[in-house]
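Owing to the predicted nature of the structure, the values given are computational and were not obtained by experimental measurement. Convention: sequence-line order gives letters A, B, ...; per-chain numbering from 1.
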2 protein chains.
Amino acid sequence: MVQCQPARLDASFAALSDPTRRGVLEQLGRADASITALAETFHMTLTGMKKHVGVLEQAGLVRTQKVGRVRTCKLGPRGLEQEAAWIEKYRQLWAERFDQLDIVLEELKGKEKANGRKKRK
Amino acid sequence: MVQCQPARLDASFAALSDPTRRGVLEQLGRADASITALAETFHMTLTGMKKHVGVLEQAGLVRTQKVGRVRTCKLGPRGLEQEAAWIEKYRQLWAERFDQLDIVLEELKGKEKANGRKKRK
DNA sequence: ACTATACTGAACCATATGGTTCAGTGTCAG
DNA sequence: CTGACACTGAACCATATGGTTCAGTATAGT
């Protein structure tokens, strides 16, 4: 019941948790690229990069197409809407909790005296 | 160069890639909870849940405080700003790429007849 | 035809992850 | 004091992850 939407988030967040893969997405944001090109950028074997691309592809974050002997990778069909939505939901919860000030008070204690307002930096 | 910000994103995206941990965040969004309470919600041993909480804590997504014999978990100091920012950046890249229509055209092909409509950059 | 290129797949390796059990330790209730 | 409770830590297990090498296969260029 505490099921939070599909397992799709699992795959995409996991895909995003690796710096190389985030880098790949950034590179693909600038231009499409072959596996070889990506492998060179990240100083990695072709095979290794292909695995990363596989992970990204499975998460729907990139898609690839092989023409001739080169496989071209592009930013993939999904735009990370669900992930953004989940994060927004969390941020909202977070904000609400902090508005309820059982935590805010903790935060303030020590920074500000329960006095007049010394909002000076 | 292709370094995409600190390794902080590694930890938080990895933390978010597990459904149990996302569930824990949601539960903590409603109310603070002890390890025991969380473990019960997710039908898991105390030890197992403690590990999850550890991961979340290390990612800065929750923080805990032990008073007496119970450790209370709260939504933690960070609000996922950096993660939201990264995702936004990606979504922008994604939108730009699609605006450049080398992909959009692919998308349209089959949905729309090629009867003389021409967009050019 | 020959060779270099670009990928692919299998196998392997070290480490990390998600979970468990078991044996504690410290704290509250009576 | 005694026992139950809430957690903690170590050890273990199976599987996943991030990377490699090596041995292919298919295509492109000359």
Side-chain angles (χ1 to χ4, degrees), chain A residues 2-4 7-28 31-74 76, chain B residues 2-4 7-28 31-74 76:
Chain A
V2 190
Q3 279 290 41
C4 17
R8 153 119 351 124
L9 291 177
D10 290 25
S12 41
F13 280 135
L16 292 177
S17 73
D18 183 278
T20 298
R21 283 189 298 256
R22 288 196 304 275
V24 166
L25 288 179
E26 296 192 352
Q27 174 161 353
L28 293 182
D32 297 349
S34 67
I35 306 274
T36 299
L38 293 171
E40 277 169 4
T41 303
F42 296 93
H43 316 96
M44 187 177 298
T45 60
L46 260 187
T47 310
M49 180 50 72
K50 202 197 159 230
K51 281 195 186 179
H52 280 303
V53 169
V55 171
L56 288 165
E57 197 168 9
Q58 201 138 357
L61 301 179
V62 315
R63 57 175 160 181
T64 71
Q65 186 185 4
K66 190 166 185 178
V67 33
R69 54 184 170 173
V70 32
R71 175 174 299 276
T72 301
C73 311
K74 318 168 181 279
Chain B
V2 190
Q3 278 292 41
C4 15
R8 154 119 350 121
L9 291 177
D10 290 26
S12 42
F13 280 135
L16 293 177
S17 73
D18 183 277
T20 299
R21 281 188 301 254
R22 287 195 304 275
V24 166
L25 288 180
E26 296 191 353
Q27 173 161 353
L28 293 183
D32 297 348
S34 67
I35 306 275
T36 299
L38 293 171
E40 278 169 3
T41 303
F42 295 93
H43 315 96
M44 186 175 300
T45 60
L46 260 186
T47 311
M49 180 50 73
K50 204 200 156 227
K51 281 194 186 179
H52 280 304
V53 169
V55 171
L56 288 165
E57 197 168 10
Q58 201 138 357
L61 301 180
V62 315
R63 56 175 162 182
T64 71
Q65 185 185 6
K66 191 166 185 178
V67 34
R69 54 185 168 171
V70 33
R71 175 173 299 277
T72 301
C73 311
K74 316 167 182 280

Under 4.0 Å between a side-chain N or O of A:Thr45 and OP1 or OP2 of D:dT20? yes
Provide, to the nearest angstrom, the distance between the CZ atom belonging to A:Phe13 and the P atom belonging to C:dT17. 17 Å
Measure the distance from CG on A:Asp18 to C1' on D:dT17 and round it to the nearest whole Å. 9 Å
When A:Gly68 and B:Thr47 are each assigned the nearest nucleotide of DNA chain D, the 5'-most assignment goes to B:Thr47
C:dG18 P sits how many Å from B:Leu56 CG, rounded? 10 Å
B:Lys66 side chain N/O closer than 4.0 Å to the phosphate oxygens (OP1, OP2) of C:dG26? no
Please identify which of these residues, B:Thr45, B:Val53, B:Thr47, meets the side chain to side chain contact (heavy atoms under 4.5 Å, CB included) condition with B:Met49. B:Val53
Atom CZ of A:Phe42 to atom P of D:dG19: distance rounded to whole Å? 11 Å
Ignoring backbone atoms, test whether B:Arg69 places a side-chain nitrogen or oxygen under 4.0 Å from the OP1 or OP2 oxygen of D:dA4. no
Taking the side chain as every heavy atom from C-beta outward, state whether A:Asp10 and B:Asp18 have any pair of such atoms under 4.5 Å apart. no
Whole Å only: how far is the CD atom of B:Gln65 from the C1' atom of D:dA6? 16 Å
Nearest non-hydrogen partners of A:Leu61 and A:Leu25, listed with the distance: O-CD2, 4.0 Å
Taking B:Ala15's backbone N and O only, do any of them form a donor-acceptor pair with B:Arg21's side chain (distance below 3.5 Å, no angle check)? yes
According to a strict under-4.0 Å criterion, is B:Arg71 in side-chain N/O contact with OP1 or OP2 of D:dT8? yes
Can you measure B:Met49 atom CE to C:dT17 atom P for me and round it to whole angstrom units? 17 Å
A:Gln58 CD to D:dA16 C1', straight-line distance once rounded to whole Å: 13 Å
Contact class for A:Ile35 (heavy atom, under 4.0 Å): base, sugar-phosphate, or nothing? sugar-phosphate
Can you tell me the distance, in whole Å, between the CG atom of A:Leu46 and the P atom of D:dA23? 17 Å
Nearest heavy-atom approach of A:Ala33 to A:Leu28 is N-CD2, 3.7 Å
Check the phosphate of D:dG9 against B:Lys50, side-chain N and O only, distance under 4.0 Å to OP1 or OP2. Yes or no? yes
Consider the side chain of A:Val70, meaning its heavy atoms from C-beta on, and name the nucleotide among C:dT20, C:dG18, C:dA6 that approaches it most closely. C:dA6
